[in-house]
Number of protein chains: 2
Amino acid sequence: MRKGMLEYCILLLLRAEASYANDIIEKLKEAQLLVVEGTIYPLLTRLKNEGLLAYNWIESPRGAPRKYYTLTPKGSEWLVGLNAAWSELSNTVARLKDLKVTIPENENINL
Amino acid sequence: MRKGMLEYCILLLLRAEASYANDIIEKLKEAQLLVVEGTIYPLLTRLKNEGLLAYNWIESPRGAPRKYYTLTPKGSEWLVGLNAAWSELSNTVARLKDLKVTIPENENINL
DNA sequence: TTTTAGTCCTATGTATTGCAAGGTATATAA
DNA sequence: TTATATACCTTGCAATACATAGGACTAAAA
């Protein structure tokens with residue numbers, strides 16, 4: 001079910017604060033979404049190639065420097081669209097959850 | 001983004017009312033979710049084979065009889081799990097949307 | 001100088017999802 | 001009897017998303 005949500009969640013994250021890969025993994029973990037390196041690096045690269053993200057090299061207190069990703073203007077626009085899609089999906093589910101049960105579930109079932 | 005949501009939406013639908021394929025397509029359309037035959041028949045068959053759905057043959061006012069699908073007890077249990085997963089996902093997104101913007105988005109971007 | 005920790009990356013594989021296209025069967029209407 | 005409308009189904013494709021596994025580079029610590 002979470003399929004396809006990762007991109008949205010990452011853009012939401014980056015809207016709030018520039019972050020590098022391990023950062024993002026940690027923050028998503030806090031938000032109850034488990035991701036691993038092998039998932040996130042290709043995704044960040046893809047989003048950068050599509051022009052939705054850009055990055056700054058920033059020194060690490062230890063080891064290799066970090067790529068801090070931020071939203072580009074195009075990324076911000078794209079996020080607006082994703083927000084709309086998410087709202088629509090939420091509404092769809094809400095509507096379906098609110099349907100009244102009209103017929104008992106256990107009559108005349110043929111397996 | 002809607003990927004993987006279809007199963008959930010169909011189970012929600014069937015919880016409320018037994019339905020056959022074209023019925024389901026129509027109701028999902030009303031709920032703003034477009035689906036076509038080639039998508040739904042394999043899915044219904046899969047869910048039946050997994051024991052989540054069962055069906056009754058019911059005469060059609062015209063043409064071939066219809067398979068009215070209903071949730072099995074196992075399907076109802078499964079739906080409980082999906083509801084939980086959906087709640088968690090909603091919470092995750094809500095949390096990420098509520099993050100405060102802490103750093104401007106347009107400084108020092110290297111493409 | 002070697003080890004360790006942190007950071008980046010790619011290639012490949014797996015699984016799934018949803019769709020397009022084509023096919024079969026039933027029943028009524030012309 | 002043929003045509004039409006309704007209903008079911010299967011096969012195979014395309015996309016994609018995520019994970020696994022491996023590798024390489026940098027800098028500080030031992």
Side-chain angles (χ1 to χ4, degrees), chain A residues 1-11 14 18-29 31-50 52-70 78 82 85 89 92 110, chain B residues 1-11 13-14 18-29 31-50 52-70 78 82 85-86 89 92 110:
Chain A
M1 180 184 282
R2 44 173 282 195
K3 287 219 174 181
M5 296 300 300
L6 205 48
E7 172 181 326
Y8 181 41
C9 289
I10 287 174
L11 294 185
L14 295 181
S19 312
Y20 71 104
N22 287 357
D23 227 3
I24 295 173
I25 292 174
E26 275 310 306
K27 289 175 185 171
L28 289 179
K29 195 185 291 174
Q32 315 293 330
L33 207 64
L34 294 180
V35 197
V36 297
E37 278 198 340
T39 300
I40 211 164
Y41 279 109
L43 180 51
L44 289 174
T45 300
R46 194 197 91 209
L47 295 176
K48 185 210 62 181
N49 289 339
E50 288 173 354
L52 305 180
L53 299 183
Y55 61 79
N56 281 346
W57 282 107
I58 306 230
E59 281 186 14
S60 164
R62 173 159 196 178
R66 301 166 173 173
K67 278 187 179 175
Y68 276 78
Y69 284 91
T70 54
W78 183 245
L82 290 181
L89 191 57
T92 293
N110 305 319
Chain B
M1 180 182 280
R2 44 174 283 195
K3 282 218 176 182
M5 296 299 301
L6 205 49
E7 173 182 325
Y8 181 41
C9 288
I10 287 174
L11 294 186
L13 249 186
L14 295 180
S19 312
Y20 71 105
N22 287 357
D23 227 1
I24 295 173
I25 291 174
E26 275 310 306
K27 288 175 186 171
L28 289 179
K29 195 184 292 174
Q32 314 293 331
L33 205 65
L34 294 180
V35 196
V36 297
E37 278 198 340
T39 300
I40 210 163
Y41 280 109
L43 180 50
L44 289 173
T45 301
R46 193 197 93 209
L47 295 175
K48 187 209 64 184
N49 290 339
E50 288 172 355
L52 305 180
L53 299 182
Y55 62 79
N56 281 347
W57 283 107
I58 306 230
E59 281 186 13
S60 164
R62 173 155 196 181
R66 302 165 173 175
K67 279 188 177 175
Y68 275 79
Y69 284 90
T70 54
W78 183 245
L82 290 180
W86 171 255
L89 191 58
T92 292
N110 305 320

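Given the structure is predicted, the values throughout are model-derived calculations rather than measurements. We name chains A, B, ... by the order of the sequence lines, and we start the count at 1 in each one.
As a whole-Å value, the separation of B/E59 CD from D/dA5 P is 21 Å. For B/K3 and D/dC18, the NZ to P distance is 10 Å, given to the nearest whole Å. B/M1 has its CE atom 11 Å from the P atom of D/dA17, to the nearest Å. Rounded to whole angstrom, the span from the CH2 atom of B/W57 across to the P atom of D/dC8 amounts to 7 Å. Atom pair B/M5:CE and D/dT16:P shows a separation of 19 Å (rounding to whole Å applied). The CZ atom of B/R66 sits 13 Å away from the P atom of C/dA27 (whole-angstrom rounding). For the pair A/I40 CD1 and D/dA19 P, the computed distance is 10 Å after rounding to whole Å. Across the protein-nucleic acid pair, B/N49 atom CG and D/dT10 atom P stand 9 Å apart, rounded to whole Å.
Comparing A/A64 and A/T45 along DNA chain C, the residue whose closest nucleotide (by nearest heavy atom) sits nearer the 5' end is A/A64. The 5' end of DNA chain D is approached more closely, in terms of each residue's nearest nucleotide, by A/V36 than by the other of A/P61 and A/V36.
Closest approach of B/E37 to B/I25, counting heavy atoms only: N-CD1, 3.9 Å. Heavy atoms only, all atoms of each residue included: A/A64 and A/S60 are closest at O-CB, 3.1 Å. Considering all non-hydrogen atoms of both residues, A/P65 and A/W57 come closest at O-CZ3, 3.7 Å.
A/P65 comes within 4.0 angstrom of the backbone, heavy atoms only, and of no base. B/E37 comes within 4.0 angstrom of a base, heavy atoms only. When heavy atoms are screened at a 4.0 angstrom cut-off, B/S60 is found touching the sugar-phosphate backbone but no base atom. Among the atoms of the strands shown, only primed sugar atoms or phosphate atoms (P, OP1, OP2) are found under 4.0 Å from some heavy atom of A/L6.
For B/R62, whose side chain is taken as the heavy atoms from C-beta onward, the closest listed nucleotide among C/dC19, D/dC8, C/dT28 is C/dT28. For A/P42, the listed nucleotide lying nearest its side chain is C/dT10; candidates were C/dT10, C/dC19, D/dC8. For B/Y41, whose side chain is taken as the heavy atoms from C-beta onward, the closest listed nucleotide among D/dC8, D/dA19, D/dA29 is D/dC8. In this structure, of C/dT17, C/dT28, D/dC8, it is C/dT17 that holds the atom nearest to the side chain of B/E7.
For A/Y20, no side-chain nitrogen or oxygen approaches OP1 or OP2 of C/dC8 to under 4.0 Å. Put simply, B/R46 has a side-chain N or O that comes within less than 4.0 Å of OP1 or OP2 on C/dT17.
Taking the centre of each ring, A/Y20 and A/Y68 come in below the 6.0 Å mark.
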Do A/I40 and A/I10 pass the side chain to side chain contact (heavy atoms under 4.5 Å, CB included) test, and can you show the C-alpha distance, the side-chain angles, and the key distance before you say yes or no?
-> CA-CA 9 Å; A/I40 211 164; A/I10 287 174; 4.0 Å; yes

